[in-house]
Participant: 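Below is a structure I'd like to ask you about.
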Amino acid sequence: MTRPETSPYATVLDDRQLTGRPIVLAGAGPLGGDVEVPEPLVTGAKKWKDVDQDICLHTEQFPTRRWWIAFAVALSMVGVLGFALASLFYSGMGIAGVNQPVGWGSFIINFVFWIGIGHAGTLISAVLYLFRQQWRTGINRAAEAMTLFAVACAGIFPIIHLGRPWFAYWLVPYPNARGPLWVNFNSPLAWDIFAISTYGLVSLTFWYMGLLPDLATVRDRATHPWRRHLYNALSFGWTGSHRAWRHYESAYLILAAFATPLVFSVHTIVSFDFATSVMPGWHATIFPPYFVIGAIFSGFAMVITLMSIMRGVFNLKHYITLNHMEAMAKVLLLTGMLVGFAYSTEFFMAWYSGSEWEGFVFKNRAFGPYGWAYAIMFTCNVFVPQLFWWKSLRRHPVVLFVVSVLVNVGMYFERYVIVVTSLHRDFLPSSWGMYHFTFWDYAILIGSFGLFFTLFLLFVRVLPVVAISEVKGVMDPRVARSAPPGRQVAPLGAGEVRP
Amino acid sequence: MPGAPVPNPSPAWHYVRSQWATRLGAEPGTAPFEEKWNEVLRVGQWQAAAPAAPAAPAARVPAPGTAALLGSLPARPSGLELQLYPHLATGDGRGANNGWLRERPDPVTRITWGGAVAIAPRRFDEMGLANGDLVEVDAGHARVVAPAYRHAGMHHDQVALPLGLGRRACGVIGDDVGPDAYPLRKLEGDRVIAAGLPVTLRRVGGNEALAFAQGSDVIDRDRRPLVPATTLTAFEADPKAGTEQPPGGPSAWPAHESKKARWSMSIDLSKCNGCGKCVIACQAENNVPVVGRQGILDGREMSWMRIDRYYDAPKKEGRRGAEVWDGPLDVVEEPATLFEPMLCQHCENAPCETVCPFVATLRSEDGLNQQIYNRCVGTRYCANNCPFKVRRFNYWDYSVRQTSALFTWLQPRSVRHADLNTRGRMQMKNNPEVTVRSRGVMEKCSFCVQRVRDARARATREGRTRDRFADGEVVPACMESCPTGAIVFGDVNNPDSRVRALASGPRAMRLLEALGVKPAISYLTKVRNDKA
C-alpha cells in the first residue's frame with residue numbers, strides 16, 4: 001500500500017475551500033476505488049510552529065484598542081453589578097421585583113441560565129473527548145473557560161437571592177457551634193451546594209490541567225524574564241518529557257471521565273429545585289432531562305456566539321473553521337428539536353393527565369398574561385434552529401451568530417416562563433399575582449453579563465484561547481512538520497492522522 | 001377624708017353636693033345627708049334603686065313628622081343614584097389614621113387603603129372601564145374624582161362611594177389616602193342626605209391603581225373544589241354535600257405520631273361573615289407589620305390571615321363555569337359570595353418543611369408547623385411550595401427604625417415604613433411575647449404558639465400534665481376575636497374538644513386532599529338557604 005507523499009490537506013487554505021463533506025481521492029484505494037478523507041481541522045497548510053505563533057500572539061502583544069473598548073464596556077457593567085449588589089445587601093430584598101406569590105424571580109432565572117450555559121463547555125471538553133471527536137480541539141479551551149466564567153456568574157445568585165445573605169455559610173455542612181445544626185438534606189437547595197461546587201472544582205481542575213502544556217509554550221516563547229518566571233510557575237515547570245506527556249494523557253482521561261457525569265447530574269440537581277416542589281408546572285419528572293438538554297442547547301449557542309466573535313477578532317479562522325461551526329450548529333439543531341419534543345411532551349401530559357391544575361398552568365402559559373414570554377421562547381427555541389436543516393445556512397457566519405443569540409434569548413425566556421408562570425397562578429385563585437422586573441433586576445442581569453465578558457476578555461489576553469498541544473495532535477504531519485525532507489516518520493494509513 | 005371639714009370649698013363642691021341631695025333624699029348640711037354622703041364616699045359606690053319594669057312596648061306608630069318626611073323625599077330619580085356608606089374600616093373617618101384598619105381589606109371589594117366608586121358590571125363594561133380608571137361623580141353641588149371598581153351584584157342604576165377616606169389632617173398614616181366623599185352629601189334644611197343622590201358619572205383620564213389584597217376572585221368550584229359550600233336542599237338530602245373533591249392517594253410516608261396534644265382548627269363558613277376581626281386580632285397579637293398601600297400594590301402583604309372573597313363562577317351548560325378560568329366575573333344578577341378565611345393550614349405533610357435548606361421550618365410534636373425565625377435565611381422556597389400561599393416574607397425592615405440618612409436617601413420607602421410601624425411610641429403596640437422579625441425572614445400563622453406555650457408553662461407551674469389541655473384552655477387571637485364563633489381551635493386528641501367533634505362531622509372538609517398535604521384545619525360547609 002502506498003501513501004501519497006503530498007497530503008490532500010496542503011491545498012485547503014481557508015474556509016472557502018471547505019465544503020463540509022469529505023474530500024474524495026479518486027483512485028487512491030487499494031483496488032483502484034475512491035477513498036474519502038475527512039476535511040482538515042486546521043486549514044491554511046499550517047506548520048506546528050505556526051500554531052504557536054498564531055495562538056500565543058495575542059497574549060504577547062499589547063491589547064488592541066478594540067480589546068480596551070470592549071473591556072471598558074464590560075467593566076462598567078461590572079460596576080453596575082457591584083452598585084446593585086451593594087444596594088441589595090444594604091436595603092434588602094425589597095428592591096427586587098419578587099413578591100407574594102412569585103417568591104423567585106430574576107435571580108433564580110439568571111442562576112439557571114448561567115449554569116445551563118456552562119454545560120456545553122464540559123460536554124465539548126469531556127464528553128466529546130471520550131467520543132474521540134477531534135474537531136473539539138479547536139474550541140474546547142475557550143468553551144471550558146466559558147463554563148468556568150458562567151459558573152462564576154451563576155454562583156453569585158444563590159447567595160444574593162437570600163433574605164439574609166450574610167448567613168449563607170450555614171448551608172455548608174461542617175461541625176459547628178450552632179447545635180451542631182446541619183443542613184436539611186431533603187432540600188434541593190442543599191444539593192445545589194454540592195452540585196455547583198463539585199462542578200466548579202472539577203471544571204477548574206480539568207481546564208487548568210489541559211492548560212499546562214500550552215502555558216509552557218507561552219513560557220518558552222517569552223523573552224522578558226518576569227514573563228518567563230510567571231508562566232513557568234503557572235505551568236508548574238512543565239518539561240515536555242515523555243513521562244510528563246504520559247501522565248498528562250492519563251490524567252486528562254481520568255478527569256474527562258469525572259467531568260462527563262457532571263454534565264448530566266449538575267443540571268439535574270438544578271432542575272430538582274423545581275421538580276421536587278408541589279407546584280403544577282414544576283412538579284414534573286420530565287424536568288431533569290428537559291433541563292439538561294436545554295442546558296446543552298443554550299451552552300452550544302453561547303459557544304457559537306463567542307467563537308463567531310473570537311475567530312474573527314483573533315484571526316483564528318484556520319483553527320476554528322466553518323466545519324467546527326457547522327458541527328456545533330448540528331448539535332444545536334439536535335438539542336433544539338429535543339427541547340421542542342420536551343415542550344410537546346409537557347403539553348400532551350398536561351392534557352392526558354386530566355389534572356385540572358396542570359392543564360390550567362399550560363393554558364395560562366400560552367394564553368395568559370405571560371403569553372408573550374411563551375411566544376418568544378417557543379419561536380426562538382423551536383422554530384429558529386430549524387434554519388439549520390439547510391447546509392448553506394449552517395455554514396453562514398452571520399446566520400450562525402444571529403441564530404445563536406436568538407437561541408440564548410429563547411432559553412432565557414424559557415427559564416422566565418418556568419419560574420414565573422408556575423408561581424403567579426397556582427392552586428388558590430385568591431393568591432394569584434403578577435411579577436415584573438424592577439430596575440435592580442435589570443441592573444443585576446446586565447451586570448452578570450458584564451462579569452462574564454470581563455472574565456472572558458481577561459482570559460483571551462492572558463491565556464492561549466485554543467488548545468495548542470491538542471490542535472497540533474490533529475494536524476496532518478505531512479503538512480505540519482517543518483523538518484527537512486527525508487526524515488523518517490512512522491507510516492500512516494491513507495487519510496489517517498495522528499490522534 | 002370623709003367627715004373632715006373641707007377647707008375652702010369651691011363652688012363645684014357645693015354644686016356636686018346639691019346634685020346628690022335628690023339622690024340621697026336630704027339637704028346638704030343636714031346630719032342625714034352628711035351620713036349618707038360620707039358612706040358613699042367611703043364605699044366608693046352607690047346602689048341606685050332597682051329600675052322600674054319596662055313598660056309594654058307601644059304600638060309602632062310613626063313618630064310625628066315622619067309622614068311629612070316621607071312625603072317630602074324626592075321621587076326616585078330615573079338616572080344614576082349615589083349611595084354613600086361609612087367605610088367598614090374607618091367608619092365615618094375616625095379610623096383613618098389607624099394602619100391596621102386601613103390595611104384590612106374591605107370584605108367585599110378587597111380594596112385596602114383607598115376606596116373606589118362601586119359601579120355595576122354592565123355599566124362598567126359599557127363605559128369601557130378597567131379597575132382603577134378615574135371617574136368623576138358629579139352630584140350637582142359637588143364633584144369627586146375617584147377610581148372605579150367593577151362591583152358584582154351592584155344595581156345598574158346605583159353607584160356607591162365610601163365615607164371616611166381622603167382625610168387631609170388626620171395623621172401621617174391616613175392623610176391623603178383615598179377619595180373624600182363627604183362633599184357629595186347634600187344638606188337639605190336641617191337634614192344631611194347621603195343616599196339616593198342623583199349623580200352623573202363621567203370618565204376622566206388616568207388610572208389610580210386599587211390596592212387589592214387578593215388576586216383573582218372568581219372560583220369555579222367544579223374544577224377547584226376549594227370552598228365547601230352547598231344549599232339547604234342539598235344539605236338536607238346529604239349532610240356531606242359541598243365537601244366533594246378529588247381524593248388523595250396512599251401516602252409513601254408513615255403518618256405522624258401524635259402522643260401529645262394535636263392542635264387543630266375548624267372554621268365554620270356558615271358563620272363567617274367576612275368581617276376581618278380575626279385578621280386584625282392576629283396582627284395585633286403577633287406584631288405583624290403594616291406595609292402600606294405601595295406594599296399591597298407590590299404584592300407584599302404581611303397579614304397572616306386573609307379572608308378570601310370568591311364569587312361562584314356562573315353555571316354554563318349545566319356545569320359550573322366550563323370556560324371560566326380567568327378574568328372578571330361575568331355579569332350575573334345575584335353573585336354568590338363565599339368568604340374563606342385562609343391561614344397556615346399546619347399541614348401534616350407540609351410541603352414547606354422538606355424544601356427549606358436551613359431547617360427553619362419544622363413540625364412540632366404537638367402538631368404545629370413551626371417557623372424558626374432566627375434560623376431562616378430567606379430562600380423563599382417554602383413560600384413557593386406552599387399551595388395555599390399563606391407564608392409572608394419580610395422584604396423590608398418594617399419594624400426597625402432606620403436612622404441612617406444614607407439609608408433613607410437610598411430607600412425613601414423606609415420613611416413610610418417607619419411612619420406606619422415605628423414612629424414615636426408606636427412600638428408600644430407590639431406584643432412583648434412575640435418577636436419582631438427582621439428583613440429577610442419568613443413568617444406565617446403559628447396557631448398563636450406563644451399562647452400554647454404559655455398554657456404549657458401554666459400547667460407545669462400548677463403541676464398538671466403539660467401535654468393535655470382542657471378544651472378552651474388555649475384560645476388563639478383569631479378565635480378570641482371572632483364575633484360569630486366561626487373559628488374553633490383545640491386539641492383534636494382530646495375526646496371532649498369541640499374541634500374534634502366538628503372536624504369529624506359530615507360538614508368538614510380539608511382542602512387539597514389530592515395533594516396529600518393533610519391540613520390541620522377543617523372548613524365546615526357554607527349552607528345557603530335556598531328555600532326562603
Side-chain angles (χ1 to χ4, degrees), chain A residues 87 90-104 158 161-168 170-171 178 181-193 273 276-279 282 355-357 360 363-364 367-369 422-435, chain B residues 214-219 223-224 226 246 298-301 306 308-310 325-326 340 342 351 353-360 375-385 387-397 406-407 410-411 413-414 438-442 511-512 514-517:
Chain A
S87 192
Y90 190 51
S91 307
M93 268 310 293
I95 66 172
V98 280
N99 59 15
Q100 272 114 218
V102 186
W104 280 352
H161 99 285
L162 296 173
R164 299 199 291 172
W166 47 92
F167 290 134
W170 286 354
L171 255 189
R178 300 185 288 275
L181 200 52
W182 298 100
V183 300
N184 179 9
F185 290 107
N186 288 331
S187 168
L189 298 183
W191 307 337
D192 268 346
I193 300 291
D273 286 349
T276 58
S277 82
V278 300
M279 288 293 116
W282 280 10
S355 160
E356 166 63 27
W357 319 114
F360 174 77
K363 254 197 298 195
N364 186 47
F367 305 115
S422 283
L423 287 177
H424 94 112
R425 286 186 179 178
D426 64 334
F427 294 96
L428 269 59
S430 63
S431 50
W432 290 0
M434 292 294 290
Y435 170 73
Chain B
Q214 181 169 334
S216 170
D217 53 6
V218 182
I219 191 167
R223 296 187 144 172
R224 292 179 190 246
L226 297 166
D298 290 340
R300 290 169 174 172
E301 66 273 7
R306 62 178 196 260
D308 293 335
R309 186 270 299 128
Y310 291 114
W325 60 280
D326 187 7
E340 186 173 52
M342 183 51 63
E353 284 167 19
T354 52
V355 295
C356 173
F358 293 98
V359 203
R375 184 69 184 165
C376 176
V377 181
T379 60
R380 302 184 298 288
Y381 200 168
C382 56
N384 290 343
N385 214 24
F388 306 101
K389 287 294 182 290
V390 286
R391 287 174 155 271
R392 302 285 177 254
F393 187 70
N394 284 277
Y395 282 101
W396 303 102
D397 253 332
L406 170 65
F407 194 99
L410 265 180
Q411 277 309 321
R413 250 180 253 201
S414 62
S438 80
R439 71 172 158 106
V441 169
M442 188 69 73
L511 300 184
L512 289 178
L515 215 51
V517 293

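Atoms considered below: every heavy atom in the structure, side chains included; atoms not considered: hydrogens, waters and symmetry mates. Each chain gets a letter, A, B and so on, in the order its sequence line appears, and its residues count up from 1.
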Participant: Would the distance check show the side chain of B/W396 and the main-chain N or O of A/I95 forming a donor-acceptor pair, the cut-off being under 3.5 Å?
Facilitator: no
Participant: Who among B/V517, B/D397, B/L511, B/D308 has the most heavy-atom pairs with chain A under 4.5 Å?
Facilitator: B/D308
Participant: For the residue pair A/W170 and B/F358, categorise the inter-ring angle as parallel (less than 30°), tilted (30 to 60°) or perpendicular (more than 60°).
Facilitator: perpendicular
Participant: Checking A/W182 against chain B: side chain, backbone, both or neither under 4.5 Å from a heavy atom?
Facilitator: backbone
Participant: Can you tell if the side chain of A/N186 reaches within under 4.5 Å of the side chain of B/E353, non-hydrogen atoms only?
Facilitator: no
Participant: Using heavy-atom distances under 4.5 Å, tell me whether A/I193 contacts chain B through its side chain, its backbone, both, or neither.
Facilitator: neither
Participant: Grab the two heavy atoms, one from B/R300 and one from A/A96, that are nearest each other, plus how far apart they are.
Facilitator: NH2-O, 2.7 Å
Participant: Answer with side chain, backbone, both or neither: which region of B/M342 has an atom nearer than 4.5 Å to a non-hydrogen atom of chain A?
Facilitator: side chain
Participant: Looking only at non-hydrogen atoms, find the nearest pair between A/L189 and B/V355 and report the distance.
Facilitator: CD1-O, 4.5 Å
Participant: Backbone N or O of B/R392 within a donor-acceptor pair of the A/Q100 side chain at under 3.5 Å?
Facilitator: no
Participant: Looking only at non-hydrogen atoms, find the nearest pair between A/A190 and B/P357 and report the distance.
Facilitator: N-CB, 4.0 Å
Participant: Using modelled atom types and a 3.5 Å cut-off, is there a donor and acceptor pairing between side-chain atoms of A/R425 and backbone atoms of B/S216?
Facilitator: no
Participant: What are the two closest non-hydrogen atoms of A/P429 and B/Y310, and how far apart are they?
Facilitator: CD-OH, 3.8 Å
Participant: Does A/R164 use its side chain to pair, donor to acceptor, with the backbone of B/G378 at less than 3.5 Å?
Facilitator: no
Participant: Among the options A/T276, A/V98, A/V183, pick out the one with the most heavy-atom pairs lying under 4.5 Å from chain B.
Facilitator: A/V98
Participant: Which heavy atom of A/S91 sits nearest a heavy atom of B/Q411, and at what distance?
Facilitator: OG-CG, 3.3 Å
Participant: Tell me the closest heavy-atom pair linking B/F407 and A/Y90, and the distance in Å.
Facilitator: CE1-O, 3.1 Å
